[in-house]
Student: 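Sharing a structure below in structure tokens format, with a few things to ask.
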There are 2 protein chains.
Amino acid sequence: MRTTIRQVSDRAGVSVGTVSNVLNAPNLVSPGTRSRVLDAISELEYWPNRSARSLQAQRTHLIGYRLPDPGVSSALDVFLHSLVAGASEHGLEIVLFSGCKGHSDLDAYRASIRSGDVDGFVLSETNYTDPRIALLIESSFPFVAFGRAVASQPFSWVDVDGAAGIVAIVDHLAGLGHQRIAIVAWPPGSESGDPRVAGYLAAMVRAGLAIEPELIVRADGGFESGRKTGWDLLSRRRRPTAIVTVQDDLALGVIAAAADHGMRVGRDLAVTGFDDSPAAAMSTPGLTSVRQPMELVAARMIELLVSQLQDPEVQRSGSLLAPDVVIRASTLSPGVWGEVR
Amino acid sequence: MRTTIRQVSDRAGVSVGTVSNVLNAPNLVSPGTRSRVLDAISELEYWPNRSARSLQAQRTHLIGYRLPDPGVSSALDVFLHSLVAGASEHGLEIVLFSGCKGHSDLDAYRASIRSGDVDGFVLSETNYTDPRIALLIESSFPFVAFGRAVASQPFSWVDVDGAAGIVAIVDHLAGLGHQRIAIVAWPPGSESGDPRVAGYLAAMVRAGLAIEPELIVRADGGFESGRKTGWDLLSRRRRPTAIVTVQDDLALGVIAAAADHGMRVGRDLAVTGFDDSPAAAMSTPGLTSVRQPMELVAARMIELLVSQLQDPEVQRSGSLLAPDVVIRASTLSPGVWGEVR
DNA sequence: TTGTAGGCGTTATCAA
DNA sequence: TTGATAACGCCTACAA
């Protein structure tokens, strides 16, 4: 059986209220009894019961997070870690859930809200009109989203400036002398993908490079999709000398396609990714990529969430964070680029 | 304000006990009142409060899992997913925590136990003598470990037969005609690493290949470590024709080292990894690797945990699961192997 | 078949 | 400064 506050109070010869005060408002207790109580607490290894505390405080100190499907998020590892670490600093913990089969995803959120499972939610993989965001706003339930969206009211979000990331990538490539720069992007309509294409266009214009529609190709995402798209791109008479992608997995697929064509990436062709996933760092050649500052993202998300927990009426706001470009061998060998073939 | 059982009972014109029975023992309630209560429940969108339920049942339906440090586990994504999915089928959720700074890791577990945070733990990254295992056994608190260990008493664990995985790898390589097969392993003393080396030795003997001490090299783990070790191995006068590793990250480092030497993996050299991480599948050439059946691992772990939750006295047992070998281009080109140089 | 009451372990309120 | 007591929302006896 676990130790209760009653046992501690008996042991210390005080009332339960006093023990509670020692823990929650030590200044209200005289030093003498305080130390007597503290002794009893440590002798009995007493820790307040979480459920009881939650029940009375109407607060669980738990934050809900629905895991994205496997393979969708290539930096989940770092993100989750930072999230847990950040939460822990505020006495919060992250509870994972999955869309229960048979029920819609939304129902899981709804049930959690009604049963007081968690104090708030962290959302990721949001898109333009995410029904979860609408639901949570309507329920006026605390949450933060990784990713902007359109919503009826302002809400808390953190996002990474993908457009800026791609601009930096294109600048880098243009600086190396590339002129035919292609981009492999997801189909239009993606909250994270569209700005990246916009960044590509802007940077190309600024670099004085011609924008040719055939240099903008679409792929569903993932390695195989990148491989196929890359193969097609490299099978053309007029090949691009550089291929920008919106996802590391796509870029790694392009690298494979280049090998299929007998080309050496980093020499015959430049390729870039997005996410700086572990696979990007460990690829041969190393994959130049846009790195999202996941630690910052997570920390900021927790910050925004905590401020809502403290004051439900707090002004909602968004944070747009700047990414870095990590340059690796997949975009090396400046000056050797020319019209291929 | 959230809906309480009281409001439901008022609305349905019954007592709270009856509402509770409708939810927990429907057969005790007459069909008439039952449907009346059910109506009230859905109209009011009533969901029982989790904290109150936990308090009274002395059960939180939460399982604690301490995230491994980033980069340690290359298959965390799949594992977590399967864990969450498996837990969800039993009405359990996974709560993540991190070693709170300043305190020892063990204290986090201790505190969780005493305060009734969770009903049990899932452990991963265990080693021979894991203090957490000792603590949990001593506290007779429900838990399952991913990985065997030495302990004072039997406990529940699930593990993947790493030795068998490496045996299959060596068999595969020997079948391709390789004779000088090296292994890059972690330093001795690792619960997961040692059996893999043992598997290597056994398979080499069985294949009638000479075991040369210089073919067994040690590396700390990780890409850079693999790159360095690989470079050294390939700088020798008598190079191995195949390099087995105990981790994908190491293998990818070896692939990079081979490129540094101007060698083409899959043709001049065979390389294998362990874990079948996303990076392995997306590497060029694709990395032959040992795939741990993470879905099964997680499912079995949940199974073992749930059985303890149902009956604390249940017999503890372990499960050793068989891995698969995923063959990719890094071990292709059979028959072209010879003494290099 | 249904209602009532006690208790799960805390914290907050109010007296003393 | 401390002690008693009433919630918090639920479930489970037990009584009706």
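Letters A, B, ... mirror the listed sequences (proteins, then strands); counts begin at 1.
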Student: What is the distance, to the nearest angstrom, from the CD atom on Gln56(B) to the C1' atom on dG7(C)?
Tutor: 8 Å
Student: How long is the line joining CZ of Arg114(B) and P of dT10(C), in whole Å?
Tutor: 11 Å
Student: Whole Å only: how far is the CD1 atom of Ile5(B) from the C1' atom of dG9(D)?
Tutor: 8 Å
Student: Applying side-chain hydrogen bond (donor to acceptor under 3.5 Å, both in side chains) as the test, list every pair that has at least one member in residues 135-155 of chain B; sequence neighbours left out.
Tutor: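 Counting only pairs at least two positions apart or across chains, the side-chain hydrogen bond (donor to acceptor under 3.5 Å, both in side chains) contacts touching residues 135-155 of chain B are Arg148(B)-Asp159(B).
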Student: In residues 12-30 of chain B, which ones come under 4.0 Å of DNA chain D, going by heavy atoms?
Tutor: Ser20(B), Asn24(B)
Student: What distance do Arg50(B) atom CZ and Leu62(B) atom CG have between them, rounded to the nearest 0.5 Å?
Tutor: 6.0 Å
Student: Round to a whole Å and report the spacing from CG of Asp10(A) to P of dG9(C).
Tutor: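 Checked: the CG to P distance equals 13 Å.
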Student: Ignoring hydrogens and geometry beyond distance, is a side-chain donor-acceptor pair present between Ser51(B) and Ser54(B) at under 3.5 Å?
Tutor: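 Absent: no donor and acceptor within the cut-off.
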Student: Does the separation of the ring centres of Phe146(A) and Phe79(A) fall below 6.0 angstrom?
Tutor: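 Yes: the rings meet the under 6.0 Å criterion.
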Student: Taking only the side-chain heavy atoms of Thr33(A) (C-beta and beyond), determine which of dT12(D), dG9(C), dT2(D) contains the nearest atom.
Tutor: dT2(D)
Student: Starting at CZ of Arg6(B) and ending at C1' of dG3(C), how long is that distance when rounded to a whole Å?
Tutor: 10 Å
Student: Mind grabbing the angle between the end helix axes of the helix from dT1(C)-dA16(D) to dA16(C)-dT1(D)? Five pairs an end, 10° rounding.
Tutor: 50°
Student: Without swapping roles, check the side chain of Arg300(B) against the backbone of Leu320(B) for a donor-acceptor pair under 3.5 Å.
Tutor: no
Student: Do Ser277(A) and Asp275(A) have side-chain N/O donor and acceptor atoms under 3.5 Å apart?
Tutor: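 Judged by distance alone, the side chains do not pair up.
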Student: I need the CG-C1' distance between Asn49(A) and dT10(C), as an integer number of Å.
Tutor: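 After rounding, the gap between these two atoms is 8 Å.
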Student: Between atom CG in Leu55(B) and atom P in dT10(C), what is the gap in whole Å?
Tutor: 9 Å
Student: Does His61(A) use its side chain to pair, donor to acceptor, with the backbone of Asp119(A) at less than 3.5 Å?
Tutor: no
